[in-house]
Colleague: 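Take a look at this one; I'll ask things after.
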There are 2 protein chains.
Amino acid sequence: MNEKKLILPRKLSGFMELEPSKQLVFDGMIEKIKKVYQTFGFMPLDTPVLEYSEILMAKSGGSIDKEVYAFKKGDTDICMRYDLTVPLARYVAMHENELAFPFKRYQIGKVYRGEKAQKGRFREFYQCDADIVGLTELSTVADGEILALVDRVFASLELKIVNHISNRNILFGFIEELKLERYSTDILTILDKIDKIGKDNAILELKNYIQSEEDCQKLIDLTLQQGSFRHVLGKIEHLCQNETYQKGIDELKEVSSYLQAMGVSEENYILDIGIIRGQNYYTGTVFEAKMPEHPEFSTVCGGGRYDNLASYYTDKKMPGVGMSIGLTRLFDLLDQNNLLPKNQPSALAVQILPMDNQYTLQCLQLQAYLSKKVASEVNYQNRSFKSKLKEANRKQVPFVIIVGEEELKLGKYTLKNMNTGEQELLSKEDCIKTLTASK
Amino acid sequence: MNEKKLILPRKLSGFMELEPSKQLVFDGMIEKIKKVYQTFGFMPLDTPVLEYSEILMAKSGGSIDKEVYAFKKGDTDICMRYDLTVPLARYVAMHENELAFPFKRYQIGKVYRGEKAQKGRFREFYQCDADIVGLTELSTVADGEILALVDRVFASLELKIVNHISNRNILFGFIEELKLERYSTDILTILDKIDKIGKDNAILELKNYIQSEEDCQKLIDLTLQQGSFRHVLGKIEHLCQNETYQKGIDELKEVSSYLQAMGVSEENYILDIGIIRGQNYYTGTVFEAKMPEHPEFSTVCGGGRYDNLASYYTDKKMPGVGMSIGLTRLFDLLDQNNLLPKNQPSALAVQILPMDNQYTLQCLQLQAYLSKKVASEVNYQNRSFKSKLKEANRKQVPFVIIVGEEELKLGKYTLKNMNTGEQELLSKEDCIKTLTASK
């Protein structure tokens, strides 16, 4: 071979790439989430990673956000998707005449944001989304369904969460009462950062919009309300009488009754008027799930209701409600904090070791049989039996099967439990029995 | 809302986007493939879709193939991966000191090729790859393992295939015998297209490199050999004596003995010297699986052995053997030819229908219980009971549960089999029993 310059093997920063044993755990989480989505009657969708820029950038009138990966291929302006919601909107608008509404879909896939690389921020990450989209109207039962889904998903992941729920009509209604609707975006932006800037600074900023200090104080007090639905609703129910505010109250009461009916534990959700979810498209129910034992993780799942999903692409009104988990970030947090399942056993149930490589064919024969039931492989490396046994140990394979002269004479196999050291001479049928029983 | 111009919702051409009921079938195929990979002891890897251009384009010295999606983000030249093999090479080179070899990994993910859009060609498609990578050396048992894996994967998909297997050393050895090694690439290119251009044209082209017409004829005859290993090996075994040719013969014999040991049915594979696999990096075993009942599908899975996977990134020699299924294309072919499982049942086991929406809470309660075992949903739409029943029928939901005054009084539910029309009044526990039994 010619002398040649090697290229340093490296990957782009901000892109997660797990070692296989961790990838197995990651994939296991996806499986669990998918399973829950399915048991709630959601169907899968898998939209392309690439879309026309015009479609993805409809919201900003076609101008490309700097964090979006955008490029030209031939004459076509293309973007990599930065979320799964815009592609869903495009999809339902394209197929509005074929789909049965409410349309319940889940999508689990990678999205792309070329943000500044920093710890815990990923440029490629998995979103696990479930949405219910109606045509013209959608009952608030759907909000309850999504909230119960969130609860069930985290239960299946064995992660303790508290879902902080609110309804945007509460704060909108209060602002309406002050006749300040024209500033509602600015006011909500301030309220959304009380945690960061503190109550006093928030009041200072609010004063730019709200004359009366008392009203500022009342609004902040309202925003800081959190606790059980019964408790908080009891306090704020009659604060304003306008239609918007009372719609918020009514919807919260309905949602609460659905969660009760669906048996969601009252420990797992609270009413938290401070949940605003930034400047996005939510119009009613909003929620953010947090892990009470790890407040530093902040929000691990969020979502809410939007009035009109696909308004850039169709005149039909499509209200919806959805949830999204940023799984890559969540996994990374769990990993960094040693919260992933410990001592993940080997994916292999058994490794088959020939005493000598002359028995390889018999080992393959056995592997072909075993692999119909349990994950198995032959170690056919050109190494000593002893070093193969050592390697099985290092790999934490729970069982090995030893195949040598003695075994072949008897038509049986030595099955060795690598944890206890016990070994037994068994027929291949009995090997399978022991291996499947110990799974 | 202001008057505004709608954007026509559309997706890029050459990108598959399945309706949810077909996506469910697609996902089911991925699950089956993954399961087989795992039972053979392969571990998952999930490399990023984006890589440094320098890494992905190492083979062409950095120049970007026109079918590759490439762009700049800031100062960085980035490409979308066009296969899963180059990222694997980058990965093993990056982690050569941490990995246990042979390294057995599978990866199932999307790859991108901006080819001219045409029927059956996709610009975004799933590859399902499994590879075994050794350090310094890798036994031919690995070739047998990959071939048995291919067989098992298609059995699990219930697709009848015949795997056409060869070893590149056969044709290399024959060319060596003619002392024409310097033309071997050109000669293989001609042999690779005999099917398309015909035998006579192939001879005409070969004459540019091979003086003797007899030698041309012999080479073509060799290339056209196909049949059982026993039969073909019997005919060609002694054709050449050089080391390369005999290495090919020996490896084919070894592989054949492994396949026999692993119980791969002799109906499912043949020796086919004409399998060349283009101008790629294969150096020994090569194979292409075809569906004998659908020759028009051409190759549905291919792969082989390479001597040195990661030579652009490391001095360490890493021989390997792998397989790849282009699942998007295969699925499309099956779909176009009505070969997908017919009458896919609804993903839902049961839909719960309130006789009147005043019973919604009780329905949700039941759904929360049922969904722990079976996929279920409440139809809470604001429509008549009759129209809900009709919709369940249209959706091919196998069972519905009817909840009305009568049922609630008795604390039981009417479970209706939508196929037979039979209905029974059952406790929720008995509903689950019937539903899980009929899954």
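This is a predicted model, so every value here is computed, not measured. What you see below is based on every heavy atom in this structure, not just the backbone, and it leaves out hydrogens, waters and symmetry mates.
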Colleague: Counting only non-hydrogen atoms closer than 4.5 Å, does A:V68 touch chain B with its backbone (N, CA, C, O), its side chain (CB onward), both, or neither?
Modeller: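 When you check distances to chain B, only backbone atoms of A:V68 fall under 4.5 Å.
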Colleague: Name the option with the most non-hydrogen atom pairs under 4.5 Å to chain A; the candidates are B:Q365, B:M94, B:M43.
Modeller: B:M94
Colleague: Is it the backbone or the side chain of A:M16 that comes under 4.5 Å from a heavy atom of chain B, or both, or neither?
Modeller: backbone
Colleague: Answer yes or no: is there a side-chain heavy-atom contact under 4.5 Å between A:K11 and B:T47?
Modeller: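 A:K11 vs B:T47: side chains apart.
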Colleague: Decide side-chain contact (heavy atoms from CB on, under 4.5 Å) for A:R10 and B:E54; before the verdict, give the C-alpha distance in whole Å, the side-chain angles of both, and the deciding distance to 0.1 Å.
Modeller: CA-CA 10 Å; A:R10 63 206 194 283; B:E54 190 194 29; 3.0 Å; yes
Colleague: Check whether A:L364 gets within reach of chain B through its side chain, its backbone, both or neither, counting any heavy atom under 4.5 Å.
Modeller: both
Colleague: With a 4.5 angstrom heavy-atom cut-off, could you sort out which part of B:E31 is near chain A: side chain, backbone, both or neither?
Modeller: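 Contact with chain A involves the side chain of B:E31 alone.
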Colleague: Donor-acceptor pair, B:R152 side chain versus A:A368 backbone, under 3.5 Å?
Modeller: yes
Colleague: Between B:A89, B:S376, B:A93, who has the most heavy-atom pairs with chain A when the cutoff is under 4.5 Å?
Modeller: B:S376
Colleague: With sequence neighbours excluded, what pairs up with B:K73 under the salt bridge (charged side-chain N to carboxylate O under 4.0 Å, His left out) test?
Modeller: none
Colleague: Where is the tightest heavy-atom contact between A:S257 and B:L361, given as atom of each residue plus distance?
Modeller: O-CD2, 3.7 Å
Colleague: Quick check for you: among A:N379, A:L99, A:T360, A:L6, which has the greatest number of heavy-atom pairs under 4.5 Å with chain B?
Modeller: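 Highest number of pairs under 4.5 Å: A:L6.
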Colleague: Where on A:D315 is there a heavy atom nearer than 4.5 Å to chain B: the side chain, the backbone, both, or neither?
Modeller: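 Contact with chain B: backbone and side chain both.
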Colleague: Can you tell which part of A:F122 gets under 4.5 Å to a heavy atom of chain B, answering side chain, backbone, both or neither?
Modeller: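 It is neither, since no heavy atom gets under 4.5 Å.
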Colleague: Go through the atoms of A:A310 and report whether side chain, backbone, both or neither lie under 4.5 Å from a heavy atom of chain B.
Modeller: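 Neither part.
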Colleague: Rounded to the nearest 0.5 Å, what separates atom CG in B:L8 from atom OG1 in A:T314?
Modeller: 10.5 Å
Colleague: With a 4.5 Å cut-off on heavy-atom pairs, point out which of B:A142, B:A100, B:A58 contacts chain A the most.
Modeller: B:A142
Colleague: Is B:E67 close to chain A through its backbone or its side chain, or both, or neither, when contacts mean heavy atoms under 4.5 Å?
Modeller: backbone
Colleague: Among B:Y52, B:F26, B:F42, single out the residue with the greatest number of heavy-atom pairs under 4.5 Å to chain A.
Modeller: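 Among B:Y52, B:F26, B:F42, the one with the most close pairs to chain A is B:Y52.
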Colleague: Indicate yes or no: at least one non-hydrogen side-chain atom of B:M80 is less than 4.5 angstrom from one of A:M80.
Modeller: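 Yes, their side chains come closer than 4.5 Å.
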Colleague: Nearest 0.5 Å please: distance from the CG atom of A:D46 over to the OG1 atom of B:T328.
Modeller: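 Reported to 0.5 Å precision, the distance equals 8.5 Å.
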Colleague: Side chain, backbone, both or neither: which part of A:R90 has a heavy atom under 4.5 Å from chain B?
Modeller: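 For A:R90, the contact with chain B is made by backbone and side chain together.
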Colleague: Where on A:K34 is there a heavy atom nearer than 4.5 Å to chain B: the side chain, the backbone, both, or neither?
Modeller: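 Interface part for A:K34: side chain.
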Colleague: Mind listing the closest non-hydrogen atom pair of B:E377 and A:G41 along with its distance?
Modeller: OE1-O, 3.8 Å
Colleague: If you count heavy-atom pairs under 4.5 Å between each of B:K22, B:E391, B:E145, B:K66 and chain A, which one has the most?
Modeller: B:E145
Colleague: Test of understanding: with salt bridge (charged side-chain N to carboxylate O under 4.0 Å, His left out), list the residues that count as partners of B:E124, not counting sequence neighbours.
Modeller: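 If we apply the salt bridge (charged side-chain N to carboxylate O under 4.0 Å, His left out) test to B:E124, skipping adjacent residues, the hits are B:K110.
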Colleague: Of the listed residues (A:R394, A:K373, A:R105, A:K104), which shares the most heavy-atom pairs with chain B below a 4.5 Å separation?
Modeller: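 Heavy-atom pairs under 4.5 Å are most numerous for A:K104.
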Colleague: Within the distance-only criterion (no hydrogens, no angle test), does the side chain of A:Q381 pair as donor or acceptor with the backbone N or O of B:F101 below 3.5 angstrom?
Modeller: yes
Colleague: At what distance, to the nearest 0.5 angstrom, does CG of B:L370 lie from CZ of A:F40?
Modeller: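 Reported value, rounded in 0.5 Å steps: 11.0 Å.
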Colleague: Under 4.5 Å from any heavy atom of chain B, what part of A:E98 do you find: side chain, backbone, both or neither?
Modeller: neither
Colleague: Which bit of A:P102 is near chain B, if near means a heavy-atom gap under 4.5 Å: side chain, backbone, both or neither?
Modeller: both
Colleague: Under a 4.5 Å heavy-atom cut-off, does chain A meet the side chain of B:K372, its backbone, both or neither?
Modeller: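 Contact with chain A: backbone and side chain both.
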Colleague: Answer with side chain, backbone, both or neither: which region of A:I78 has an atom nearer than 4.5 Å to a non-hydrogen atom of chain B?
Modeller: side chain
Colleague: Under 4.5 Å heavy-atom distance to chain B, tell me which part of A:Y91 shows up: side chain, backbone, both or neither.
Modeller: side chain
Colleague: Quick one: pull up OG1 in B:T140 and OH in A:Y380 and give me the separation to the nearest 0.5 Å.
Modeller: 9.5 Å
Colleague: List the steps, then state whether side-chain contact (heavy atoms from CB on, under 4.5 Å) holds for B:V378 with A:Y258.
Modeller: CA-CA 12 Å; B:V378 179; A:Y258 304 140; over 6 Å; no
Colleague: Under 4.5 Å heavy-atom distance to chain B, tell me which part of A:L12 shows up: side chain, backbone, both or neither.
Modeller: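 The answer is both parts of A:L12.
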Colleague: Could you check which of B:F103, B:Y69, B:F15 has the highest count of heavy-atom pairs closer than 4.5 Å to chain A?
Modeller: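 Most pairs with chain A among the choices: B:Y69.
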Colleague: Using heavy-atom distances under 4.5 Å, tell me whether B:Y126 contacts chain A through its side chain, its backbone, both, or neither.
Modeller: side chain
Colleague: Between A:D27 and chain B, with a heavy-atom cut-off of 4.5 Å, which part of the residue counts as in contact: side chain, backbone, both or neither?
Modeller: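 For A:D27, the side chain is the part near chain B, not the backbone.
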Colleague: Measure the spacing between OG of A:S371 and CD of B:Q38 and express it to the nearest 0.5 Å.
Modeller: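 These two atoms lie 13.0 Å from each other.
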Colleague: Under 4.5 Å from any heavy atom of chain A, what part of B:Q351 do you find: side chain, backbone, both or neither?
Modeller: neither
Colleague: Measure B:I132 against the heavy atoms of chain A and call it side chain, backbone, both or neither at under 4.5 Å.
Modeller: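 Contact with chain A is through the side chain of B:I132 alone.
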Colleague: Tell me, side chain or backbone of B:T76 under 4.5 Å from chain A's heavy atoms, or both, or neither?
Modeller: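 When you check distances to chain A, only side chain atoms of B:T76 fall under 4.5 Å.
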Colleague: Between B:V36 and chain A, with a heavy-atom cut-off of 4.5 Å, which part of the residue counts as in contact: side chain, backbone, both or neither?
Modeller: neither
Colleague: Would you please test B:I55 and A:I7 for side-chain contact (heavy atoms from CB on, under 4.5 Å) and show each step?
Modeller: CA-CA 7 Å; B:I55 297 284; A:I7 295 166; 3.9 Å; yes
Colleague: What is the distance from atom CG of B:L24 to atom CG of A:L45, rounded to the nearest 0.5 Å?
Modeller: 12.0 Å
